[in-house]
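Structure record follows, encoded as structure tokens.
Basis for what follows: all heavy atoms, side chains included, without hydrogens, waters or symmetry-related copies. Below, chains carry the letters A, B, ... as their sequence lines are ordered, and counting in each starts from 1. Owing to the predicted nature of the structure, the values given are computational and were not obtained by experimental measurement.
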4 protein chains.
Amino acid sequence: MAKIPRSNENDYTQEMSQTRREFIETETGAPLSHLGHYSIPPATLSGNIENFAGVAQVPVGFAGPMVVNGEHAKGEFYVPMATTEGTLVASYSRGMRLTREAGGVTTTVIDDAMQRAPMFAFADAREALAFGKWVTQHFDGIKAASDATTSVGRLRDIEQYAASKLRWLRFNYTCGDAAGQNMVSKATKAGCEWILANYPGKVEHFVLAANLDTDKKHSHLNSLHTRGKRVVAEVTLPKKLMTEIMHCPPEALFKQRQYSNMGALMAGSVSNGAHFANGITAMFIACGQDVANVAESSAGFTYAEITPNGDYYFSVTIPSLIVATYGGGTGLATQNECLNVLGCTGQGKVNKFAEIVAATVLCGDLSLASAVVADEWVSSHERLGRNR
Amino acid sequence: MAKIPRSNENDYTQEMSQTRREFIETETGAPLSHLGHYSIPPATLSGNIENFAGVAQVPVGFAGPMVVNGEHAKGEFYVPMATTEGTLVASYSRGMRLTREAGGVTTTVIDDAMQRAPMFAFADAREALAFGKWVTQHFDGIKAASDATTSVGRLRDIEQYAASKLRWLRFNYTCGDAAGQNMVSKATKAGCEWILANYPGKVEHFVLAANLDTDKKHSHLNSLHTRGKRVVAEVTLPKKLMTEIMHCPPEALFKQRQYSNMGALMAGSVSNGAHFANGITAMFIACGQDVANVAESSAGFTYAEITPNGDYYFSVTIPSLIVATYGGGTGLATQNECLNVLGCTGQGKVNKFAEIVAATVLCGDLSLASAVVADEWVSSHERLGRNR
Amino acid sequence: MAKIPRSNENDYTQEMSQTRREFIETETGAPLSHLGHYSIPPATLSGNIENFAGVAQVPVGFAGPMVVNGEHAKGEFYVPMATTEGTLVASYSRGMRLTREAGGVTTTVIDDAMQRAPMFAFADAREALAFGKWVTQHFDGIKAASDATTSVGRLRDIEQYAASKLRWLRFNYTCGDAAGQNMVSKATKAGCEWILANYPGKVEHFVLAANLDTDKKHSHLNSLHTRGKRVVAEVTLPKKLMTEIMHCPPEALFKQRQYSNMGALMAGSVSNGAHFANGITAMFIACGQDVANVAESSAGFTYAEITPNGDYYFSVTIPSLIVATYGGGTGLATQNECLNVLGCTGQGKVNKFAEIVAATVLCGDLSLASAVVADEWVSSHERLGRNR
Amino acid sequence: MAKIPRSNENDYTQEMSQTRREFIETETGAPLSHLGHYSIPPATLSGNIENFAGVAQVPVGFAGPMVVNGEHAKGEFYVPMATTEGTLVASYSRGMRLTREAGGVTTTVIDDAMQRAPMFAFADAREALAFGKWVTQHFDGIKAASDATTSVGRLRDIEQYAASKLRWLRFNYTCGDAAGQNMVSKATKAGCEWILANYPGKVEHFVLAANLDTDKKHSHLNSLHTRGKRVVAEVTLPKKLMTEIMHCPPEALFKQRQYSNMGALMAGSVSNGAHFANGITAMFIACGQDVANVAESSAGFTYAEITPNGDYYFSVTIPSLIVATYGGGTGLATQNECLNVLGCTGQGKVNKFAEIVAATVLCGDLSLASAVVADEWVSSHERLGRNR
């Protein structure tokens, strides 16, 4: 079996990219005529990918304009969405039109934390408990060790979770404009080394991660305690507007929400929303986010009310929105352009980006819910999408 | 606020793509020099996106070769992965090398179902129960109505879920090479129309979807009963190999698995695996899948054993792997090339693709787990990745 | 350390009961003057307890009358509740008065199944899949073997759940008037022995239970698929009544329900109801049920609506109500008297009893919810209960 | 419909008890000859029950002796268990013998908190966030108001949980020897009144409870953060002992644990243990606990290891064990006697009782698991229990 070619000197070149495509073509017989069509300089990809051989061309459409009344995102936005699913951009645009006519979406980042949760094992539960108390008393020392590894990340607090003779420490950090998973791994490792060097008791076993974090997968813990940004997007839709534009009165939408809440509860769903994942994924691909975080970021809560005067209050809460405007794929060519369209390049823009994502999610959920209610759903897919 | 330009005659042209980029540039001041660099013909994008304005260039690297002993995927594969996360391709490659030396990954598709779950409301629970019995008795009529809407989808069975005066019918279909979400929406709508036309009792309310499906979000129901393909990938790693290549003996890996199982249980995680989402997402982007399905497809189960002779049996089970080799983005330029590299174009290839994805997930989880154990994790990120 | 005295000849006598009390008094110094005060003949306790030494005297109060419009329970009931929690009987009575004035509670048993879920392990997932297909094809043989062990239990169907190389078979039985856990263990064991004797493939490992059942603990699986009886209780409360008796208008109650739904969703609760457990436990103790089943039976769903004319529709769904009117503690002295008060002794009464329990649960949840709303909660506890 | 008789002067008398029994007999035709056989003075029941009419005689057996090496429970205990389920006492006794021969069960209370979680609603998420910050800053004032209502309860901290425009405050208290649910309701109400009087912003809606607590039902939140006592019980069973007494070697027990972990994970169970509920329920009834708390207290975690020298480490963690040695039913006649047998009457005994319960749970889980493994399960039920 042939190994994929690599260059020890410089692996991020047009030549190596082409060499690898030719290798794959030879080995598999599959022609790669489009994969090599790209404008990004391979030299910029070190740190983003290995065995680089070309690019996936994922179609980008713009939805909007969407009006956001955030603390960080204020004004009108054209939202870049990378997707291959017909009707998605159109559906989000429809929701954006609706909220625009209602005065825009209000957004608030209500919490912010990225974490790594190392685990310590002891001889028994009593020693684990003693360790936990020691950690609480020595937070300053741990923080000094952790924070020393990064100019951006700051250890905020350490939560503790216990079972049997095991104790997990959930290190919570703020990470500036980065998503921070790697930053906090490094910092937590340093913090743990400090603990291991200074704790007078005996640690039987230590591991930097053991699935309590939980990274790249949804957990109820993270929905409760935030991973990344916790963002709320809200809107109040006038009764008149609902009827005229969406052809679905607030009462009908609210009824559908009640059924959906029951459906989600019975199914044991991680979200009672409609399709947070669609908008988040499309924005994540377009804007250079770590798309695998869709596994975590797509879970959330929806809450609706009929107001005393018959309008429809609607909100989405995304408890684990993992976003960045620095690091990862955010600096790559098309990705950076898309962030720039949203005014989210440069320092201190991550909360702005989080708010725009949340507002987009809200618009998409409103659009789908009202389409379901108005029975336009299947037929709109037939008109715009392919029948898959 | 300006509306994004559209053409009523033909919206999928180079001109309209450029017109929209110029519009966005004008409105936002953000230059779009890379977004317009693509080789896919806009005319092919009708049904995949609206307001098309260019492409996201997502770097693709190949991992492997990976050896798969599936029922459908047999032999050696170079796996296309689209990602911007450093170390990802390298890490999966490392796992593939390990399983290759162990003789390859065994894969099996053990279930297959795509669904839509309409809800019916009645005057009370007793009427809902009577309805449920009627549906069971009239399955043939419902199936005839549903199946008539599609040449590919076939209604397999209808599960029923009940609470209060509500009854959800979970229509399960096989969908050929398509993922099938739209297909089953249309078919289920037809089935429900048949029900509504023929049921002698009174249905108080009907809605085509109310979150029990659950689409674009994980649910325990789907983990139990499959959404898309249910795939298992397995490998038995000889003790000698583990120590030499991975620098981590089976006992150490198994111990880490025990801790991770407890961590996942405590966190209330939808997966006790390590990072299914990374491999799935990278393959989904590269191969034209609906990437938002990462929300569902990334959940799953890991199960490991030390065999009587000291080897390490390791498996991943993905209960809701939603994949397609036809429809959606599978026919687009780079996406189709990547599917072709895997020998997954043409008819009857969807199970082959599902098996390759599952094998990839297994390799990635093995690689990460062993890296954590061998304490190479943070340092390998520092060497290959950026410090975010 | 001294062993508790036992008689090899006859352990269920007044003498042995007293001998054990004296032994405990001697060993611990604690006088047992009340424990030995009972009227039940020890001879009737064989099969119910070992090391019998007396009885716990649990106070019983009657709530009601409650009006039930069930399929099996029809009319007016005085509900025996054994509890030591002040306000409990009063609160349930208050709810019963409310529903009585609304015309009574409608109840329906919508499903019925008791199960044991043995697990079979194989060499790999493919063999596990083949086994699963074989089981489906040989249901009749399995059923014959299972049913032969009992004159009452009947194997209804076998569900299959799969992960890795493991396959769980969930044997579902109807069990007449018994709760049936022991009956189905025995029957399933026989069914599995038939499988093991006849399956031509190789089973690597077999175990009669491995936590998928799930016995004596709540699981989402059981909430979806029923364990014991699945019962719904419903009532529609006229707007006028709500205001006059409960001092809480339907809108206020519905608002509280919305908040409670969100609270339960966020908490990851197994129930969005208020306190199903209180009524179920009190009735279970009074009526000789296996009280440990409260762990399973107390989970459930609440669903409410404001009707078009402003009334309050309220329902509770108990998906795993494990009840019996035969076997277990149902034949003991006070327990049988309490069942008799409800007209639930003699053959064919288990569904009647299930309906009465569900109606009681509904009344209690209504009472508590309206008390919370009306802010009477803390103060009523102060008046009737002790300050604990 | 006839109302159940009550006395306005003194309802807790022999006469009223008899009057009510006669009323029930007349109304239902069911003779109540045993229900009135009790030795507890009705006058002691005020605050424990309403409409008192007699007692349920629940058989009590003693299991043990059990050896506990706790921080609070030290030595040998005979455990009172009230149950009607045959084999239960025998099975727990068998587990106690096993752990006794292994040197006893080690127990540790690792956390302690009882809570009430009021909810506050605001105009939008931003105001909810501002409120949350204010609460953190004014903890001292809130605590003063809460603590003033009770001589025993002490507000420890307030956790905050947020979604949409809603904010739940989870007030955590220590409650001395009481379970504390009523105590914390009263204290939290006072704390909230202080908040409502002092908070300068506008609270749109306030409610003392909205299902986040979560009272009388299991929630993942409580498993993470403790409700009542969080207790761990541990034992290391020598390999030799396992084989000789239990007829099941550590490896076989560990294998069964692996299968049970997977079964629980797939089922979505609230516990990966075997049957915590059985032991807890039997002790709760015998010892005057609020038995409805079985719904919460029976959930938990099991963790096992094969030690380097082949022994079996086994532990149970009960995260929400709600127990009391003061208040509720703890002072009633037989209940107090049973507490006294355990040396758990008088001040400062609640942690001792919690440890004994946890040790009992461990013994029961060990016994059942080893019985399943040794295939003695069904046959032992046939010998000792009735065939239900």
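Heavy atoms closer than 4.5 Å to chain B are found in both the backbone and the side chain of Met266(D). The contact between Ala267(D) and chain B is made entirely by backbone atoms, counting heavy-atom distances below 4.5 Å. At a 4.5 Å heavy-atom cutoff, the contact between Leu224(D) and chain B is made by side-chain atoms alone.
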Please tabulate, one pair per line, the N or O donor-acceptor pairs under 3.5 Å between chain D and chain B.
{"from": "His220(D)", "atom 1": "NE2", "to": "Met266(B)", "atom 2": "O", "distance (Å)": "2.6"}
{"from": "His220(D)", "atom 1": "NE2", "to": "Gly268(B)", "atom 2": "N", "distance (Å)": "3.2"}
{"from": "Gln258(D)", "atom 1": "OE1", "to": "Gln258(B)", "atom 2": "NE2", "distance (Å)": "2.9"}
{"from": "Gln258(D)", "atom 1": "NE2", "to": "Gln258(B)", "atom 2": "OE1", "distance (Å)": "2.9"}
{"from": "Met266(D)", "atom 1": "O", "to": "His220(B)", "atom 2": "NE2", "distance (Å)": "2.7"}
{"from": "Gly268(D)", "atom 1": "N", "to": "His220(B)", "atom 2": "NE2", "distance (Å)": "3.2"}

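Residues that satisfy the ring-ring contact (aromatic ring centres under 6.0 Å, His included) test with Phe301(D), not counting sequence neighbours, are absent from this structure.
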